[in-house]
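For reference, the structure is listed below as structure tokens.
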Amino acid sequence: MTSMNAPFRWTLSLAAALGIATSAGAQEPEPQTETETSTTTTTMSSEEMSRPEGRVGPQFAVSGNVGFGLGYVYTNGQAPSGGLEDLKITDSAKISFPIIAELGFRVTPRFYLGVWGSWEPVLTKTNDLSCPEGFSCDTFQWRVGPEVRYHIRPGSSFDPWIGLGVGLEILKSHVEGDTQVQVAPGVFLPTRVDTHVTDRGPTIARLTLGGDVRVMRSLSVGPIITASVGQYTVRTGTQTLDITGVGTRDQGLTPVDDGFHALFTAGIRIAFLPL
């Protein structure tokens, strides 16, 4: 009996050992081949690359600037001597301090559509045409218009951009002071002059260059430079003369021709793009 059962017991032991080995092998994960690993890595890289750079949504920005201009406020205006004379921007203004505000929407991380507006007080120069010696002269300018902008690196810590826009310009001046007015041949009387003038016209083209340095997820700071060409095509206003011993007289402005010019600004801009 003992010799006949020995082979049977040996066969059962071998079967049990094989069963355990097979079960353990089934529980271990099969190693990935080199081709499968490469495929997984490539798939993940493609998904990461398909994610859009930057963000979209409403955007607001404001900047403080220094500005100056070249060209003319008007041409062929009446000179004090009686002839015709042009009023150059460089003869009537030193510099300006534009505050520029922007409101729009980042349609894609790279493209922005919006409107811009600026208000700028102007430091005037004394001259015979627009600000005579001893007169008080205040000048301000408003500009507003649409703009489209392209961002070059919207997902990076520094995002340079370029913009193009058009607009409307409104230049307001108030000049007040004392002078002498001739009321008869050889007769001059002290006169208080109070003049309000509005020059307006199109901003034909406005180029902006800048860059956003990200300081927070929704906040960036950077430089802004603008260059625009425009033309004052309409001049309106009133002039009041308060002549001593005679009374007050209102008179219109003398006609002038259009003033073509270029305006430049440079400053620091803060942009806010909400989450």
Side-chain angles (χ1 to χ4, degrees), residues 65-99 117-145 167-204 228-265:
N65 303 262
V66 176
F68 68 97
L70 298 173
Y72 300 92
V73 177
Y74 62 76
T75 56
N76 296 325
Q78 185 175 351
S81 59
L84 296 179
E85 192 171 349
D86 303 333
L87 178 60
K88 295 181 179 180
I89 291 180
T90 51
D91 291 337
S92 61
K94 299 175 183 177
I95 59 174
S96 63
F97 299 99
I99 298 174
S118 69
W119 172 78
E120 51 189 296
V122 180
L123 295 184
T124 58
K125 283 183 179 179
T126 298
N127 65 90
D128 293 338
L129 292 178
S130 63
C131 186
E133 184 73 33
F135 277 55
S136 172
C137 306
D138 297 314
T139 300
F140 300 88
Q141 179 160 251
W142 288 261
R143 295 193 290 163
V144 64
L168 173 68
E169 304 176 2
I170 301 175
L171 181 70
K172 286 186 172 290
S173 301
H174 178 209
V175 180
E176 188 176 13
D178 297 319
T179 186
Q180 298 283 327
V181 171
Q182 184 176 0
V183 295
V187 179
F188 293 84
L189 295 177
T191 302
R192 183 72 176 180
V193 181
D194 189 1
T195 305
H196 293 264
V197 179
T198 299
D199 294 288
R200 68 178 183 272
T203 299
I204 300 170
S228 64
V229 290
Q231 192 168 12
Y232 298 125
T233 57
V234 178
R235 184 175 175 86
T236 59
T238 60
Q239 186 173 70
T240 301
L241 306 180
D242 188 1
I243 307 173
T244 302
V246 176
T248 300
R249 295 180 180 177
D250 293 329
Q251 61 183 29
L253 303 178
T254 57
V256 297
D257 290 334
D258 298 350
F260 185 80
H261 54 265
L263 302 176
F264 307 90
T265 70

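The chain is numbered in sequence order, starting from 1. Below, all heavy atoms of this structure are taken into account, side chains as well, without hydrogens, waters or symmetry copies. All figures in this text were calculated on a predicted structure; none of them were measured in a lab.
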Phe97 and Leu123 have their tightest heavy-atom pair at CE1-CD1, 3.8 Å
Notebook entry, point to check: Within the distance-only criterion (no hydrogens, no angle test), does the side chain of His261 pair as donor or acceptor with the backbone N or O of Gly259 below 3.5 angstrom?
Noted result: yes
Practice prompt. Kindly determine whether Cys137 and Glu176 satisfy side-chain contact (heavy atoms from CB on, under 4.5 Å), including the steps that lead there.
Written response: CA-CA 7 Å; Cys137 306; Glu176 188 176 13; over 6 Å; no
ask   = Is it true that atom CG of Asp128 has more than 12 heavy atoms of other residues, nucleotides or ligands lying nearer than 6.0 Å?
value = no
dist Thr240:OG1 -> His196:NE2 (nearest 0.5 Å) comes out at 7.0 Å
Looking only at side chains, do Thr203 and Glu169 share a donor and an acceptor under 3.5 Å apart? yes
CZ (Phe140) and CG (Leu171) are apart, to the nearest 0.5 Å, by 11.0 Å
Only residue of Val181, Thr191, Leu189 satisfying side chain to side chain contact (heavy atoms under 4.5 Å, CB included) with Val246 is Leu189
Smallest heavy-atom separation, Val66 atom then Ile95 atom, equals CG1-CD1, 4.4 Å
Thr244 side chain to Pro190 main-chain N or O, any donor-acceptor pair under 3.5 Å?
-> yes
Side chain to side chain contact (heavy atoms under 4.5 Å, CB included) with Val197: of Thr236, Leu253, Val73, Thr139, only one passes, and it is Leu253
Tell me whether the rings of Trp142 and Trp119 are parallel (<30°), tilted (30 to 60°) or perpendicular (>60°).
tilted
Open item on the list: Taking atom CD as the centre, does Gln182 end up with more than 12 heavy-atom neighbours from other residues, nucleotides or ligands that are less than 6.0 angstrom away?
Closed with: yes
Nearest heavy-atom contact between Phe135 and Val175 is CD2-CG1, 3.6 Å
Output for pair (Thr195 OG1, Gln251 CD), nearest 0.5 Å, gives 8.0 Å
Rounded to the nearest 0.5 Å, the CG atom of Asp242 sits from the CZ atom of Arg192 at a distance of 9.0 Å
Walk me through whether Leu168 and Arg143 qualify under side-chain contact (heavy atoms from CB on, under 4.5 Å). CA-CA 6 Å; Leu168 173 68; Arg143 295 193 290 163; over 6 Å; no
Side-chain H-bond candidate by donor/acceptor type, Lys125 with Ser92, under 3.5 Å: no
The reported gap from CG in Asp199 to CZ in Arg235 (rounded to nearest 0.5 angstrom) is 4.5 Å
Practice item. Could you give me the CA-CA distance, side-chain angles and deciding distance for Thr179 and Phe188, then say whether side-chain contact (heavy atoms from CB on, under 4.5 Å) is met? Key: CA-CA 10 Å; Thr179 186; Phe188 293 84; over 6 Å; no
When rounded to the nearest 0.5 Å, the distance separating OG1 of Thr75 from CZ of Phe260 is 12.0 Å
